[in-house]
Structure formats: structure tokens, C-alpha cells
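Start at 1 and go down the list; that is how both ligands and their atoms are numbered. Quantities reported herein were computed from a predicted structural model and do not represent experimental measurements.
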Amino acid sequence: MNKGKLLVISGFSGVGKGTVVNYLKEHDDNYKISVSVTTRNPRENEIDGMHYHFITNEQFEKMIEENKLLEYAGYVDHYYGTPKEFVERSLDQGNDVILEIETKGALQVKENKPDAILIFILPPSAEELKNRLVGRQTETEKVICERLKKAAEETDNIDKYDYYVLNDEVDKCAQHIENIKNNNPQSLDMDFVNQIKSEVLMFAKGDK
Ligand code: 5GP
């Protein structure tokens, strides 16, 4: 049996990665979505084991020690990581696996698994991104600022991604990702990618 493909999907907080990933899964049941472990608290509508495995710092550190994580990173005061066993097993069974993770972790995955396909989802504009973060109403203003700052830090790693995909409509964004997986990628104009990068940097500095 052929091994599945590993898709690593990243994007600034608020860009709608989760919605795109759910759409992909709903339309193609060969996908398996990796459920990460995290030390952050669950949001109101999040379910343990479905959105994340919510664990303690001690449990997380034990997983690091026992080499049970494919990658991990710190993000706004908390740890996030990908359990290795689920990913390996699913790929061996021929399933395509999606990791929805931030950029430092994504680059670790690429180092360990050079065949992994790194995809970065971009918003139509930085303004739209900020509106989505504020509109979510699950975060305090302090957390929103931290997430924008984090987005600015993440701009450094974007250049190392294999593909960039625009999320203005979820079905188009998902189709674009399907095309990439099926070796028929369209590429986004790099001028646009660089423009969004500089807008996000300006927002995070509070210049806009
Ligand atoms: P949130 O707290 O909004 O659920 O996630 C914050 C960030 O952590 C997002 O960029 C998300 O993609 C990333 N993230 C979620 N799970 C993992 C993981 O297992 N590893 C890494 N490196 N990042 C993750």
C-alpha cells in the first residue's frame, strides 16, 4: 500500500485554518487530522480529545522526554505539540494526514520528514485578519495583541514554505490545497505574499 501524504498547514491566528481543514476532511474521508497536545486551557466550545488533548506541563514534558512528539513549540505562553504515533500509523495505512500547526513546528516537521508539504494560508489583507480576531470574541484584547505580535514573528518563517494559499472563500482555498496534494499546484503571486507580510508587521507594531 502507498503511504499517505503529510500536509502541514499554517497561517496567522484568525486566518480560518480550522474551517479550511474541517472542509477538507468533510469532502475527502481519506484525510486524518492530527489532534495536538497543548497546555493551554480549553476555549468554551472546545472538547478534549477532539480539538486538542488538553494536558498539564508535566505531562507535556514527559512526552518530550519519551520522544513521543513529532514536533513541538511554545506559542503565547503555552506548549503545543504533535503526537508522533498517530501520524506515523495513519501515513502507513495510506491516509493523508493534516497537521494544523504554527511555523516553528512546521519547519521541524520538514527537517524530520522532507516529503512533508508545507502550506501557508494567507488572509485577503491584514485588516481582515485583525477583524476576524476581534470578531471571534473568545480572546481578550491582550491576547489579540499577543497573537498579532506572534503573527509578525511568524512572517520570518513564511519564506520556507512550499506553497501559499489565499483564504477569501473556504471552498476555493480547500480546492487549491487539494490541487497541491494532487501535484497540480497553482502558485500565489509572491508580491501579494510580501505585501501581506509587511501589512501584518505594521499592524503588530501598531502603525496602522
Ligand atoms: P490556538 O491556541 O489558536 O488553538 O493555536 C495557536 C497556534 O498553535 C496556532 O497557530 C496553531 O496552528 C498552533 N498549533 C496547534 N497545534 C499545534 C502543534 O501541535 N504544534 C505546533 N507547533 N503548533 C500548533
task = Determine whether V109 and I101 make a side-chain contact, defined as any pair of heavy atoms from C-beta on separated by less than 4.5 Å.
result = yes
Given [options], which one has a non-hydrogen atom that is nearest to [atom]?
| atom | options | answer |
| --- | --- | --- |
| atom 11 (C) of ligand 1 | E100, K104, E46, H53 | E100 |
| atom 1 (P) of ligand 1 | F12, Y52, Y75 | Y52 |
| atom 13 (C) of ligand 1 | E102, R147, E154 | E102 |

inquiry  = Can you name the atoms of ligand 1, numbered from 1 with element, that are less than 4.0 Å from a heavy atom of A73?
reply    = 22 (N)
request  = Taking only heavy atoms of R40 into account, list the atoms of ligand 1 that are under 4.0 Å away from them.
outcome  = 1 (P), 2 (O), 4 (O)
inquiry  = Please confirm whether the ring centroid of F12 lies under 6.0 Å from the ring centroid of F120.
reply    = yes
Side chain D96, main chain K5, donor-acceptor under 3.5 Å = yes
key: Presence of salt bridge, E127 and R132, under 4.0 angstrom   = no
message = I'd like to check whether Y72 has a polar contact with ligand 1, where a contact means an N/O of the residue lying under 3.5 Å from an N/O of the ligand.
response = no
task = Check whether any N or O atom of G81, backbone or side chain, sits under 3.5 Å from an N or O atom of ligand 1, and answer yes or no.
result = yes
Under 3.5 Å side-chain donor-acceptor pair for Q59 and T56 = yes
Which bit of [X] is near ligand 1, meaning a heavy atom under 4.0 Å away: side chain, backbone, both or neither?
| X | result |
| --- | --- |
| K150 | neither |
| R43 | side chain |
| Y80 | both |
| H78 | neither |

message = Applying salt bridge (Lys or Arg N to Asp or Glu O under 4.0 Å) as the test, list every pair that has at least one member in residues 74-89; sequence neighbours left out.
response = E85-R89, E88-K113
key: Chi angles and distances behind the salt bridge (charged side-chain N to carboxylate O under 4.0 Å, His left out) call for K150, E153   = CA-CA 5 Å; K150 201 75 199 172; E153 277 173 41; 3.4 Å; yes
key: Passing candidate, ring pair (Phe, Tyr, Trp, His ring centres under 6.0 Å) with F60, options Y80, Y52, Y79, F54   = Y79
ask   = With a 4.0 Å cut-off on heavy atoms, is Q108 touching ligand 1?
value = no
